[in-house]
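Chain A is the first sequence line, chain B the second, and so forth, proteins listed ahead of strands; every chain is numbered from 1.
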Number of protein chains: 2
Amino acid sequence: MESTISDDSRTLADRVFTRLQDDIVRGALLPGTKLGEAELASRYGVSRGPLREAIRRLESRKLLERIPHVGTRVASLSLGDLIEIYHIREALEGMAARLAATHMTDAEIHSLVELLGQHEQQQDLREDVAYFQREGDLDFHYRIIQGSHNGTLIDMLIGGIYHMVRMYRYQFSTVANRPQRALQEHRRIAEALESRDAEMAEILMRRHISRARQNIEAQHGLGAADSFSSETKQGPGPVEQSK
Amino acid sequence: MESTISDDSRTLADRVFTRLQDDIVRGALLPGTKLGEAELASRYGVSRGPLREAIRRLESRKLLERIPHVGTRVASLSLGDLIEIYHIREALEGMAARLAATHMTDAEIHSLVELLGQHEQQQDLREDVAYFQREGDLDFHYRIIQGSHNGTLIDMLIGGIYHMVRMYRYQFSTVANRPQRALQEHRRIAEALESRDAEMAEILMRRHISRARQNIEAQHGLGAADSFSSETKQGPGPVEQSK
DNA sequence: CCCGGCAAGATTGTCGACAATAAGCGACCC
DNA sequence: GGGTCGCTTATTGTCGACAATCTTGCCGGG
């Protein structure tokens, strides 16, 4: 059920880049999995040329780890890295919220409020709203980032950080275990945007992300961040290719 | 640990990536220049395969703009983008300074202070300290970023943003026209780090970068602070380098 | 029994050639 | 005379093959 599937990027390299990124982010390829070029090439039905270009791009995005003459593996990242990312998100998305309070159009804000309404309905309908809320949360943040109208910031956040966030979420099953509260916080942020209160929007957004981070820290034990690299070699065989 | 960043990489693709990036950042290739693959391949003495991989990586770093089936050009970026970048630097390097105040070792801080001493001497020796101060400024910021001991932040700043900053500096000849003042601000930041005052370090760093941004804005006559998001792709006319 | 060197296998890195697409240009039609 | 269509050409995209390097298993020596 993919909406707007195709960036039908004209070139094969771009398409395999997108597909590979999706497979990594969605957890179809487990972190640490060794990716043989020949295998991937036959899997995606392309030659090794475009595949290597895609790999280099994913490597730039820190989704793949490559060692020259050895091979490429799906980036297996520690909990500490996730915490680092959340700290950065706090700074960057706080800034995005502040900018959004000024630069967002009325239509954009209205649409955002509508989105929150949908989330509330979904919340009312089912308790098992993990997946929807999870995606919805991303959607909410996406819109505010876009609302900053700062192209560089948008690229950095959406093109550079959010893929990692999504990968972590799937990996750790970091389902928002407090969707109720998160939704309330979203609502507050939206209210600040509606009243064009930039400072308040930034503060609330920073708080929101900070709480999410604390939640993760508490959920996964404590912050023994450094020595947490489980090097268990995952078997390369059972990689499912979800269409 | 390798200190020389030049061409330490074993593979041709990595080396041509580094060399191409250097040529772009240092202004050897003017923004807007169309890069033919065959020409570049012969210039760097490699085949088109590794070259294309390097191009894809530079494209990810926003140093190259590529249009499928059309070609690749050196990213020609507007002044507005530079302002955006400085806003982001303000948030990110402010955070870096705050973290550095806590996580930097005494040795690192001491070395930083020594570096500032060298800058002062250079400043005393010659008035035409543009180049040294320029590189020195980068060096100062580099060290504080590294001092944050936040790997993701370091990657994002040094690997993702600073190349653009350097490119802009060469392009606009944005030489620090107030090295005296900048050096003073650096000194203050270092003092805050010495006294482990995280909050102060962040505030001073944010101020420092904010002033640099204002300086650029004033220097280039673009007084419009709010509407810097000129979405219209203002082609920098004179760089039409077609053969 | 353990360690170091060596060879075989496999995988990655690189290259040259072929195919597909878009820009440039001229001729033809309105 | 202007506009549009089709062809030419150059450039990019893709592919298969060759070479370099790392890994792995084996053999011999200490």
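- In this structure, the CG atom of A:Leu64 is 15 Å from the C1' atom of C:dT12, given to the nearest Å.
- Residues satisfying the side-chain hydrogen bond (donor to acceptor under 3.5 Å, both in side chains) criterion with A:Gln21, sequence neighbours excluded, are A:Arg61.
- A:His103 places a side-chain N or O within donor-acceptor distance of the main-chain N or O of A:Leu99, the cut-off being under 3.5 Å.
- For C:dG13, neither phosphate oxygen OP1 nor OP2 lies less than 4.0 angstrom from any side-chain nitrogen or oxygen of B:Arg10.
- When the local axes at the two ends of the helix from C:dC1-D:dG30 to C:dC30-D:dG1 are compared, using 5 base pairs at each end, they differ in direction by 20° after rounding to 10°.
- In this structure, A:Arg56 places its CZ atom 12 Å from P of C:dT12, rounding to the nearest Å.
- Contacts of residues 42-55 of chain B with DNA chain D (heavy atom under 4.0 Å): B:Arg48, B:Arg52.
- Taking every heavy atom of both residues into account, A:Met167 and A:Ala75 meet most closely at CE-O, 4.1 Å.
- In this structure, a donor-acceptor pair under 3.5 Å is absent between the side chains of A:Arg15 and A:Tyr44.
- Here the C1' atom of nucleotide D:dG13 and the CG atom of B:Leu40 are 16 Å apart, to the nearest Å.
- Atom-to-atom, CD1 of A:Ile67 to P of C:dT11 comes out at 16 Å; the value is rounded to the nearest Å.
- A donor-acceptor contact under 3.5 angstrom links the side chains of B:Ser210 and B:Arg213, judged on distance only.
- In this structure, B:Arg43 has no side-chain hydrogen bond (donor to acceptor under 3.5 Å, both in side chains) partners at least two apart in sequence or on a different chain.
- A:Thr152 pairs by the side-chain hydrogen bond (donor to acceptor under 3.5 Å, both in side chains) definition with B:Glu84, not counting sequence neighbours.
- Per the geometry, CD belonging to A:Glu37 stands 16 Å off P belonging to D:dT14, to the nearest Å.
- Here the P atom of nucleotide D:dC22 and the NZ atom of A:Lys34 are 13 Å apart, to the nearest Å.
- Checking D:dG13, D:dT14, C:dA22 against the side-chain heavy atoms of B:Pro68 singles out D:dG13 as nearest.
- In this entry the distance linking CG of A:Leu12 with P of C:dA20 reads 12 Å, nearest Å.
- Among residues two or more places apart in sequence or in another chain, the side-chain hydrogen bond (donor to acceptor under 3.5 Å, both in side chains) test is passed with B:Arg66 by A:Asp14, B:Glu59.
- Side chain of B:Glu108 to main chain of B:Thr105: a donor-acceptor pair is present (N/O by atom type, distance under 3.5 Å, no hydrogens or angles).
- Taking atom NE2 of residue B:His69 and atom P of nucleotide D:dT12, one finds them 11 Å apart after rounding to whole Å.
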